[in-house]
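Some notes on the structure that comes next.
Numbers here are sequence positions counted from 1. The structure displayed is predicted, hence computed values, not measured ones.
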Amino acid sequence: MGKDEKEAALHERTSDHTHTTPLLGSEKSSIAIDVPKYADEFSSLPPSEAKILREQVVVPDMTSSFFQMFRYATATDKFLYLIATISGILEGTAKPLMTLVFGYITQTFTDYYRFDPFNQGMYYNGTYAGQYFNGTYPISNGTTYNCMETYSSSNVSKDYHECSSEFMSMYISPDEFQRRVNNFALFFVAIGLGDIILSYIEMSVFIGRGDVLSSRIRENYLRATLKQNIGYFDKLGSGEITTRISADTLLIQDAISEKVGFIVSNVTTFFAAFALGFALSYRLTFIMLSVAAFILTTFFISSGKMTKYYKLALGGVSTGGTLAEEVLSSVRNVQAFGIQDRLAMKYDKFLAISQKWALRAGIAAGAMTGTMWLGVFANDSLAFWQGSRFLARDELTVSSVITILMAMVQGTYAISNISPHVRSITNGMAAASKIFQTIDRVSVVDSSMESGKRLENVLGDIELRDIKFIYPSRPNVTILEHFNLTIPAGKTVALVGASGSGKSTIVGLLERFYLPLAGHIFLDGVDLSEINIKWLRSTIALVSQEPTLFGCSVYENVAHGLIGTPYENVSPAEKRELVIEACKQANAMGFIDTLPEGLDTNVGERGFLMSGGQKQRIAIARAIVGNPKILLLDEATSALDTKSEGVVQEALDRASKNRTTIVIAHRLSTIKDADCIVVMRKGTILEMGSHNELLAKHGEYYDLVEAQRIHKQKEEMIEAMQNSHAGSSNSSDSDSMSDSMSSTLDEKASLQKSSDASYDKDTDALLGLSKTKTGKSVSSAAIPHSVRDEESARSKYGFFETIGFLVKLSGPENHFNVVGAIFSGILGLSYPALGLFYGRCIEALRSYPQDTEFMLSEISYFAGLFFMLSVVAFLSSVISLSLFAFAGQKLVRRIRLMTLRQMLRQDISYFDRDENTVGSLTSTLSRDAQAIEGLSGTTLGQLLSSAMIVVSSVTLAIVIAWNLGLVTTACVPLLLSAGFYRFYILAQFQRKAQQSSEGTASYACEATSAIRTVAALTREEDVMQHYHSELQRQLEKGRGTVHFSAFLYGVAQGMVYLIMALTFWYGSRFLLTREYTLLQFYVTFMAVVFGSQSAGIMFSYASDLGKAYQATQNIKQLLELKPQIDTWSDEGDIPQNVRGEVEFKNVHFRYPTRPQVPVLRGLNLTIKPGQYVALVGSSGCGKSTTIGLIESFYTPLAGQIMLDGRDISLFNINEYRKQIALVSQEPTLYAGSIKENVQLGTTEPVTDEQIYAVCQQANIHDFIMSLPDGYDTLCGSKGALLSGGQKQRIAIARALIRQPKILLLDEATSALDSESEKVVQAALDAAAKGRTTIAVAHRLSTIQKADVIFVFENGKVLESGTHQELLANKSKYYELVQMQALEATA
């Protein structure tokens, strides 16, 4: 691999054992995505261990066949599909049947036209010879002649036929002629009506069953995903799952819906046409079979290439989807660091992969379609040329030649029509391969299995014996080795130690998220591998470090803890009592009672409407509600403020009684009462014992405690400070403050009732305004205004406005589109040319049998023109479709990139809305661009050429024979109207279906992104039931539209034959009177009728058009959204010589999603340059909101936020945020190497030495260097391959490399163990020098050295001062400190 090629690689290799799958250029190209090859990855391990790890992550490759996509069809489905297929077959035979009638009617026309009753002659050698026969013969003046006398009216050859034989049998009287035409016209009517009924049955079943089966595939895919072992998800992002379930299942739905109907009917037409041909003349049909063989060979080669290329293209899209999901789920972090464009460009690299392969697939489709056209017109050439020779030898009749010709044309044309539909099939098969890989994957830990023991009486004895463990995603790092631990029943055991020491790993092993490589884990003496997984997990309750809630009510979230327990099926009243009791135990009822709907209040997607502490308390209530035998607390109180922690810890202590409890904690105050404390480091146990025993040893645990100890103040200092503040604080004040502390304001969601009694009535007085002016006018004036703006942005767009927008969007490629359209136009002109050539050939056939030489000469000439036409059509098709494919893929890539960038441009409030969940946005990103892709390439070429066929054919018909042309043309709008109305109906249906599918995709994304929580709660079946009901509701809503749409399709199909009937019937009147010649009639007929047939094909793409139209409107709506805080704006001042002074002046704020409840109520605080300031207080008091406002994530409703004395709204947002670095409570890393993640902290180029320096400051350098790949080690999706503490330290390093003037630490050390926290805190203290630092903290030991500590209460500053001053106040801060004191228990 060359230097340039290495730079183009999208992932750095993580080991030497990497298999490369190329996704750009040729298959041997150097530009590639690295895909782990598990056999190589685990090759350094013993075979037995490698086998265990490989089984947890490997997804076997598979290729899905067409029939595998129907694997979930029931007997009823198969019966309906059989009926639809039979209908499709019968509908497909209509065209060959039509050719038979067409041949007979052409024979009638030519026989009738051989004799000219007005000139009493017959056509011979290009002239008319007057020849009278036995009997009377009418002439134009009404007289009759006796034909017994034979004479010649002109000089003709003596070699003429006797009147008594052949010519008398050929003669057709006008009455007989009209009778025959009328009968044939009725045949056309019958065929047309039959086609309407059959097409309706066919389409209604195929579309309806396609919806049903795709829903089942979605359901089974989600079910299969939820039962996979957790190691599988370490290699797979939830964004990829969302892409599969929203976009890829739509591809499968396309492949098993109406596209199958189109292919069935067209393939039937092909075979029926050849069967008819063989029945009439096997020799002529065999000759023409060569063209069909050529078409089919090209077809299969091209479709194979298309499948291969589309599969590779989908790989790029789905991998990019995972990155997009990561980015959208951490949008606050993305905006804070200003890395929107950098991450978007990273996403664009994956789009480039998809574009390259999709373009190749498009070119293959163009070659295939071009070959079809070549075959169609070459067929005409060959049929007329060879058929005329058989006719000359009296081996065939005119009707046989024309029937075989038309049948071959219909057959080859039918094959040419299926090429775009075959593309849909191949796309669906490629998507099905990916989806069925997951569905068919056998999970080594399958939670859906019913096998395994279920213990009758669980005591809770746990033993880990000689355990060895390695994460499947990091096979080069051993986590546990020869690990032994016994946990007696009913005891509380705490695990403490540095990040990465293996504490959370033990929890994962007990939950059977992973498999140990060696050793055994026992529960009451029974090996966990022998116990039923679902039963085991229902016996264990887990509260994780980062609590995960689901997008439903508080009550439903807590009730999830009852799944699998004896209480699962109790009455609703009993269940509600259990939930309420659990919430009380978890100290959650206090804030729940203040919510607008109490327990029934929705918590938002992933609980975003709740503060961290509130989420944690709901999670604890969920854990204890089912009275589990074993309780696992993985940093269960890390997100709680000190007061809540004290109460919740007391509740957990009570809950731990009589049950086995394993606690993982960094905050040692929470585990000092544990029966046994296990101190771990690097997968081994250093020491064990009680809190007092370990303190007495003065060992590792003692050092950990000392690192967290808050230094006690001397009594005399406290007394002195207390005396100096005696005037400002008394016991009653203290009591009132303590009471007020119990009233929590939900900072994130602001869900309190608007009549909350704790609302500070003095807020408005502080502003010098009345309550009406501040509390109502400012908010109510601003909020409705924003709502109105939003509503106007959602207005619908007109048809031409939407199309104009799409044309504008594809502007850079419009010159390719113009050239493509020109060649499509040339292709479209082929039908009028066909009509002219066809009419001349029919004219030539009329000279048979009198002047065979003239007939052969004429037809040979026009056969050559037919072949020339086939070459022109081939070149036009290949060129136009290749150009459209190129322009289309460029457009799709641009739309995806623009959509992501526009999403990242929006205000944070945009992402707070219910409809803009991460799953919904990821789904939109994938689906809308894909829908527009369905309108490009082959489809667009077919649409434009069909439009040109209609226009040029109608024009030619009116010019050649205006009477007949006008009548037949008048029918075309009826056909077009049926097709267009179907398009309109489908567009409306797509709009509604999209809203429903967004909801289901979002729900699936939420479940899979929280897979550990779902698995721990054994919620898999509960998730599936909800998902199933949503899909069923969606299906019910769409049934009526499906039937109506199918009926309109049937009308559009059958109307072609009705137009034929009218044309022959009406046209025969002009032929009867010789007003029009055969040439005029057939030019008009071929142009208009086949033109209208082409128009019918155009609207077979109505479904694709509907999707593309709706998708274009969605994209237009999104791209026109302009955020209030616009990161694309160049307006605003650039901060100069920033000192870092921050001031809040009477700031009022409410979250846009909950405008009825105030969060900040006149906040005033001043932070001087270089100060280290801490914000403390109960969960939901406004601390994190303050950080968000400093970052300018939101705009305050009233008041000002100042930087160096200037309102921050005056600054350019990007330049302003460059002065700030944020380290959030929940660290966010992105897929890529550790080095890449640190580099995201700054837009400036940085050296490796600078990266090493900040990582040393963050105490992560040594750990990184211990990894096999060092700084090139991959972090995994969302940093999944690293522990919480490791992720946090990398996030701190990323902030430090930014060299900010203002450092924001929102619980920056909450995920760190005590040892790391001490070092990192020292580093942060050093980093704070020379810059303003604002820290939000619950762990008060981290901020005791702060210059100023602001204590928040209900959106205002309750008190402020240094650590010692606030202790002396003996107010709220003093109370918080006392709760965290670490004293040896007596």
Side-chain angles (χ1 to χ4, degrees), residues 10-11 33 236-243 246-247 316-354 605-606 608 893-913 916-929 1001-1002 1005-1006 1008-1009 1118-1119 1121 1123 1125 1127-1128 1191 1193 1214 1217 1222 1224 1226-1234 1236-1243 1274-1282 1287 1290-1291 1294-1295:
L10 299 181
H11 288 301
I33 280 187
L236 188 76
S238 59
E240 181 168 341
I241 295 170
T242 306
T243 300
S246 58
V317 172
S318 61
T319 310
T322 294
L323 174 64
E325 194 269 342
E326 282 184 34
V327 172
L328 291 169
S329 64
S330 60
V331 68
R332 285 169 175 79
N333 192 75
V334 171
Q335 291 202 2
F337 283 90
I339 53 177
Q340 298 97 317
D341 284 345
R342 291 167 69 183
L343 290 173
M345 290 305 108
K346 193 173 181 181
Y347 175 66
D348 189 48
K349 290 181 180 178
F350 294 104
L351 298 184
I353 293 160
S354 180
E605 189 198 15
R606 306 184 197 192
F608 87 92
R893 177 181 175 183
R894 182 180 302 113
I895 285 173
R896 282 199 168 111
L897 182 60
M898 289 175 70
T899 302
L900 179 62
R901 290 187 70 238
Q902 181 71 4
M903 287 176 179
L904 296 178
R905 176 193 182 191
Q906 299 307 309
D907 293 324
I908 296 298
S909 58
Y910 173 83
F911 300 91
D912 292 343
R913 296 178 201 149
N916 293 331
T917 62
V918 173
S920 172
L921 293 176
T922 309
S923 175
T924 298
L925 194 63
S926 175
R927 185 194 56 247
D928 283 352
S1002 176
C1005 179
E1006 181 186 54
T1008 52
S1009 61
L1118 175 63
L1119 295 184
L1121 278 181
I1125 302 168
T1127 55
W1128 290 6
E1191 274 283 4
F1193 288 156
N1214 294 316
R1217 284 180 180 161
L1222 171 66
S1224 301
E1226 296 176 2
T1228 301
L1229 300 184
Y1230 303 97
S1233 68
I1234 292 173
E1236 288 171 344
N1237 271 280
V1238 175
Q1239 286 173 332
L1240 286 174
T1242 177
T1243 55
L1274 295 181
C1275 299
S1277 175
K1278 299 182 182 176
L1281 304 185
L1282 301 170
K1287 286 193 288 184
I1290 292 172
R1294 180 176 60 199

Please list, chain by chain and in numerical order, all residues satisfying side chain to side chain donor-acceptor pair (under 3.5 Å) with [X], sequence neighbours excluded.
| X | answer |
| --- | --- |
| T1242 | none |
| R332 | D912, Y1194 |
| Y347 | none |

Show the nearest heavy-atom pair for residues [X] and [Y], with the distance to one decimal.
| X | Y | answer |
| --- | --- | --- |
| M345 | R901 | CE-CD, 4.5 Å |
| A1295 | L1222 | CB-O, 4.4 Å |
| Y1230 | R1294 | CE1-NH1, 4.1 Å |
| A344 | L897 | O-CD1, 3.3 Å |
| V918 | S329 | CG2-CA, 3.6 Å |
| E326 | L1229 | OE1-O, 4.0 Å |

How many angstroms lie between atom [atom1] of [X] and atom [atom2] of [Y], to the nearest 0.5 angstrom?
| X | Y | atom1 | atom2 | result |
| --- | --- | --- | --- | --- |
| Q906 | L921 | CD | CG | 10.0 Å |
| M898 | D348 | CE | CG | 12.5 Å |
| I895 | Q902 | CD1 | CD | 13.0 Å |
| K346 | L351 | NZ | CG | 13.5 Å |
| L1118 | T924 | CG | OG1 | 8.5 Å |
| L1240 | L343 | CG | CG | 5.5 Å |

Exercise. Under the side-chain contact (heavy atoms from CB on, under 4.5 Å) criterion, do T1228 and F337 qualify, and how do the steps go?
Worked result: CA-CA 12 Å; T1228 301; F337 283 90; over 6 Å; no

Exercise. Can you check side-chain contact (heavy atoms from CB on, under 4.5 Å) on L328 and L904, steps first, answer last?
Worked result: CA-CA 7 Å; L328 291 169; L904 296 178; 4.0 Å; yes

For this session: For side-chain contact (heavy atoms from CB on, under 4.5 Å), just list the numbers for D928 and T899, CA-CA rounded to whole Å, side-chain angles, deciding distance to a tenth of an Å, and then say yes or no.
Result: CA-CA 10 Å; D928 283 352; T899 302; over 6 Å; no

Exercise. Does any non-hydrogen side-chain atom of V317 lie less than 4.5 Å from one of R896?
Worked result: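 Yes, their side chains come closer than 4.5 Å.
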
Problem set entry | Sequence-distant partners of T1127, side chain to side chain contact (heavy atoms under 4.5 Å, CB included), two or more places apart |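 Testing T1127 for side chain to side chain contact (heavy atoms under 4.5 Å, CB included), a comparison that skips the adjacent residues, returns Q340, R905, I1213, N1214, R1217.
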
For this session: Take L323 and T319 through the side-chain contact (heavy atoms from CB on, under 4.5 Å) test and state the conclusion after the steps.
Result: CA-CA 7 Å; L323 174 64; T319 310; over 6 Å; no

For this session: Check salt bridge (charged side-chain N to carboxylate O under 4.0 Å, His left out) between D907 and all other residues, then give those that pass, not counting sequence neighbours.
Result: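 Here no residue qualifies.
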
